[in-house]
Asker: 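Before anything else, here's the structure in question.
These values consider heavy atoms only, across backbone and side chains, with no hydrogens, waters or symmetry-generated copies.
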Protein chains: 2
Amino acid sequence: MTPRQTVKTQVRLKDVAEMAATSTKTASRVINGDPRVADETRARILAAVRELGYRPDPTARSLRKGTDDTLGIVVDSIADPFFASVTGTIERLAIARGLRVMIASTGRDPRIESTVVNDLLARRVAGLIIAPTATDHSYLRHAPCPVLFVDRRPEGLDGETVLVDDNAGARQAVAHLAAQGHRRVGFVGGKMDVATTRNRLAGYRDQIAASALDADESLVRAARNTADEGRAATTELLALPEPPTAIFSSNTRCSLGVVAALHACKRTDVALVCFGDFALADVLAPGVTVIDHDPQAIGVLAAETMFERLAGAPAVDLERTLPLRLVMRGSGEQPPAGRT
Amino acid sequence: MTPRQTVKTQVRLKDVAEMAATSTKTASRVINGDPRVADETRARILAAVRELGYRPDPTARSLRKGTDDTLGIVVDSIADPFFASVTGTIERLAIARGLRVMIASTGRDPRIESTVVNDLLARRVAGLIIAPTATDHSYLRHAPCPVLFVDRRPEGLDGETVLVDDNAGARQAVAHLAAQGHRRVGFVGGKMDVATTRNRLAGYRDQIAASALDADESLVRAARNTADEGRAATTELLALPEPPTAIFSSNTRCSLGVVAALHACKRTDVALVCFGDFALADVLAPGVTVIDHDPQAIGVLAAETMFERLAGAPAVDLERTLPLRLVMRGSGEQPPAGRT
DNA sequence: CTGTTAGCGCTTTCAC
DNA sequence: GTGAAAGCGCTAACAG
């Protein structure tokens with residue numbers, strides 16, 4: 001037998017209306033704050049609502065109105081510290097505005113992205129915030145709700161986007177290392193099918209050229225998606241005939257591996273700048289110099305932008321870029337061949 | 001050529017039925033995998049489904065069936081690394097079973113917990129996984145769906161719970177420190193209104209007594225919820241007339257602060273055992289000894305338990321406890337007065 | 001095997 | 001100001 005269904009019959013609007021001796025429509029008006037109801041009637045209805053403990057059914061309301069008070073958020077992985085922070089911030093602000101939040105992870109799989117986005121759309125979400133993974137987002141051109149992209153630009157669509165200037169951040173990192181006298185700077189980063197990686201790698205290459213450093217492709221180790229892979233890449237780089245004297249790590253997952261490798265090999269003399277701050281970066285010896293992009297700030301900006309769209313305000317600029325900040329802690333200020 | 005999706009004009013089951021020259025009910029049967037439909041009819045309907053790009057409306061279905069294929073997850077904060085990992089794991093497994101996931105954070109506020117749980121319930125979630133914060137969960141006794149608690153036991157209700165043995169973990173940590181010869185062991189941990197903290201503190205006190213160590217309440221610094229507060233608490237402890245020679249940190253947020261403080265004061269000779277592993281714990285010098293409780297394992301167990309309940313299997317035991325593991329990395333193996 | 005009829009709980013015409 | 005009726009898209013009953 002199936003589990004016993006609770007006899008707790010839900011209080012419906014009809015029950016409220018009956019108790020207040022009025023119609024469901026009038027009760028509905030009161031619930032929805034329609035002013036055109038007699039004060040006396042309104043009082044009766046509110047009393048009934050409180051007495052019965054009535055709570056409107058969001059599903060029925062959603063079906064009838066064709067819209068929901070839920071925000072859809074689609075990110076790579078909720079377990080990724082960066083996205084966890086961004087998502088958590090958005091959720092907090094959304095709740096404060098009386099909005100619910102539905103979160104879905106894609107695992108960076110375009111097909112999963114398409115599935116979850118369509119599902120969210122089918123649920124009539126009020127708005128959609130997406131860290132894009134797919135290569136074509138043109139199907140969102142006529143989406144029935146505001147769509148905002150985060151961290152990466154959509155492809156095949158001029159969608160409003162909140163992001164950091166990956167290219168500039170990478171250039172800044174490499175320029176900083178060049179200023180310490182480094183000529184051979186290694187790159188460790190994620191997969192090339194992620195736009196963020198491509199932009200950071202492009203910035204790295206731009207600045208290598210601009211600073212006239214060694215443009216050696218064997219110093220570039222992309223497609224490292226986990227800390228373990230970042231660690232392995234670092235070990236490889238250090239084993240090169242002409243190893244780099246400095247490393248730029250392009251994302252936090254990699255950074256954790258790079259740091260682990262440098263400490264394991266006792267090669268903390270190798271200069272290091274990481275894209276993205278992380279816990280304990282300031283505690284290590286030496287402290288890890290980072291290009292800081294505050295995930296909470298991204299969350300706040302994304303949430304506020306979405307609230308503007310939900311309120312009907314049109315987008316002014318298609319892109320909102322957040323500033324980056326070089327945080328010097330020691331690892332990035334070491335000179336080449338700094339072994340002691 | 002991928003078919004263009006017009007999200008605006010929704011394809012309804014009625015359209016599919018008309019195209020297949022049948023009734024909506026028969027079409028509904030096919031959609032829901034009812035075998036009692038003629039193969040030929042089924043083929044016509046499936047063809048229409050594909051041609052029209054029909055996707056069932058989850059809202060309408062939910063309203064009609066009185067249930068949804070969404071799992072509700074309620075945790076302290078999605079930005080907390082521990083809960084991000086647990087939640088991410090559950091989400092991944094849920095998606096794989098065709099379930100959606102709705103996540104809500106409470107910020108450890110009992111009123112917010114009550115609000116979000118009721119909201120999730122109003123949305124007819126298929127099941128609810130809760131890291132409890134409120135002090136009374138008796139209102140969930142007759143919940144219309146399976147409810148599973150994670151990380152902490154509910155109060156006022158014998159609910160099925162997945163957790164780690166906080167008390168035993170704390171005892172193990174203190175016993176380990178006692179074995180190194182420490183007699184004064186400090187405690188840094190979260191707020192006392194969180195059951196996890198209470199259990200770990202109780203375990204700490206139990207073992208202090210069992211090992212006949214100094215039971216000095218001035219060594220106990222609870223109510224530290226952030227890394228900054230953990231850092232401050234550590235500084236306070238070290239400034240005591242009779243400072244501890246070892247510290248037990250009861251949660252990861254605190255641990256990050258404790259570690260930062262020890263490094264900042266150059267007092268890494270103070271022995272340290274932390275409850276909960278964290279990134280770079282093995283990279284620091286000395287490596288941080290931890291009582292490891294794998295958040296992913298908790299997520300897997302929680303998800304599987306929930307799937308069992310959704311399938312109708314009754315709970316065998318009310319509690320499922322995950323094993324803890326002492327990971328020795330150096331910080332917890334240092335002797336007292338180990339300054340060099 | 002298939003179709004018709006009623007709703008799920010709510011909000012929206014459009015009357016009064 | 002208020003209310004009756006008509007659905008939103010779907011599926012549980014119960015016929016046929």
Side-chain angles (χ1 to χ4, degrees), chain A residues 2 5-6 8-46 48-49 52-70 118-119 121-125 144, chain B residues 7-46 48-49 52-70 118-119 121-125 144:
Chain A
T2 50
Q5 195 82 339
T6 35
K8 189 182 74 174
T9 37
Q10 164 154 4
V11 254
R12 294 150 307 177
L13 187 58
K14 192 180 156 197
D15 303 320
V16 171
E18 276 173 8
M19 174 174 257
T22 176
S23 75
T24 60
K25 179 51 195 159
T26 304
S28 171
R29 285 203 182 92
V30 172
I31 304 291
N32 291 289
D34 189 323
R36 299 179 307 178
V37 176
D39 288 348
E40 196 191 336
T41 316
R42 183 196 317 281
R44 279 209 317 280
I45 292 170
L46 288 177
V49 164
L52 295 172
Y54 171 75
R55 294 187 40 94
D57 185 324
T59 308
R61 179 180 278 184
S62 177
L63 178 61
R64 188 63 185 101
K65 299 217 301 189
T67 176
D68 198 299
D69 59 354
T70 301
N118 279 320
D119 188 79
L121 249 23
R123 281 166 195 275
R124 304 169 162 77
V125 286
Chain B
V7 194
K8 201 72 177 179
T9 51
Q10 164 130 6
V11 192
R12 294 154 306 178
L13 187 57
K14 192 181 157 198
D15 303 320
V16 171
E18 277 173 7
M19 175 174 257
T22 177
S23 73
T24 59
K25 180 55 195 158
T26 304
S28 171
R29 285 203 181 93
V30 173
I31 303 292
N32 292 288
D34 188 323
R36 299 179 309 176
V37 176
D39 288 348
E40 197 191 334
T41 315
R42 182 196 318 281
R44 279 209 317 280
I45 291 170
L46 288 177
V49 164
L52 295 172
Y54 170 75
R55 307 214 359 122
D57 185 325
T59 308
R61 180 180 279 183
S62 176
L63 179 61
R64 187 61 184 91
K65 299 217 301 189
T67 178
D68 199 299
D69 60 353
T70 301
N118 278 320
D119 189 77
L121 249 23
R123 280 165 195 275
R124 305 169 160 76
V125 286

Asker: Do R123(A) and T70(B) have side chains that approach each other closer than 4.5 Å (heavy atoms only, starting at C-beta)?
Answerer: yes

Asker: Starting at atom CD of E40(A), determine the distance to atom C1' of dT2(D), rounded to an integer number of angstrom.
Answerer: 14 Å

Asker: How long is the line joining CG of D68(B) and P of dC8(C), in whole Å?
Answerer: 19 Å

Asker: Calculate the interatomic distance between N32(B) atom CG and dA12(D) atom P; express it in whole Å.
Answerer: 7 Å

Asker: Does dT11(C) have OP1 or OP2 under 4.0 Å away from a side-chain N or O of S28(A)?
Answerer: yes

Asker: Decide whether T26(B) and S23(B) meet the rule of one side-chain donor and one side-chain acceptor closer than 3.5 Å.
Answerer: yes

Asker: Whole angstrom is fine here: how far is it from CD1 in I45(B) over to C1' in dT11(D)?
Answerer: 14 Å

Asker: To the nearest Å, how far apart are R55(A) CZ and dC10(C) P?
Answerer: 12 Å

Asker: Taking 4.0 Å as the cut-off, does a side-chain nitrogen or oxygen of R36(B) come that near to OP1 or OP2 on dC1(C)?
Answerer: no

Asker: Between dG3(C) and T26(B), is there an OP1 or OP2 to side-chain N/O distance shorter than 4.0 Å?
Answerer: yes

Asker: Return the value, rounded to whole Å, for the distance between atom NZ of K25(A) and atom C1' of dT13(C).
Answerer: 10 Å

Asker: Counting side-chain heavy atoms from CB outward, which of dG3(D), dG9(C), dG3(C) is closest to S23(B)?
Answerer: dG3(C)

Asker: Go nucleotide by nucleotide along DNA chain D from the 5' end; which of T24(A) and T41(A) gets its closest nucleotide reached first?
Answerer: T41(A)

Asker: Would you indicate, yes or no, if dG3(D) has its OP1 or OP2 atom less than 4.0 angstrom from a side-chain nitrogen or oxygen of T22(A)?
Answerer: yes

Asker: Nearest whole Å is fine: how far is dC1(C) P from R29(B) CZ?
Answerer: 11 Å

Asker: Figure out the CZ/P separation between R64(B) and dA6(C), and round it to whole Å.
Answerer: 13 Å

Asker: Starting from the 5' end of DNA chain C, give me the residue, A60(B) or R42(B), whose nearest nucleotide shows up first.
Answerer: R42(B)

Asker: Counting only N and O atoms by type, is there a donor-acceptor contact under 3.5 Å from the side chain of D15(B) to the main-chain atoms of R12(B)?
Answerer: yes

Asker: If we only count heavy atoms from C-beta on, is the V30(A) to D34(A) side-chain gap below 4.5 Å?
Answerer: no

Asker: Do the non-hydrogen side-chain atoms of D57(B) and R124(A) ever get within less than 4.5 Å of each other?
Answerer: yes

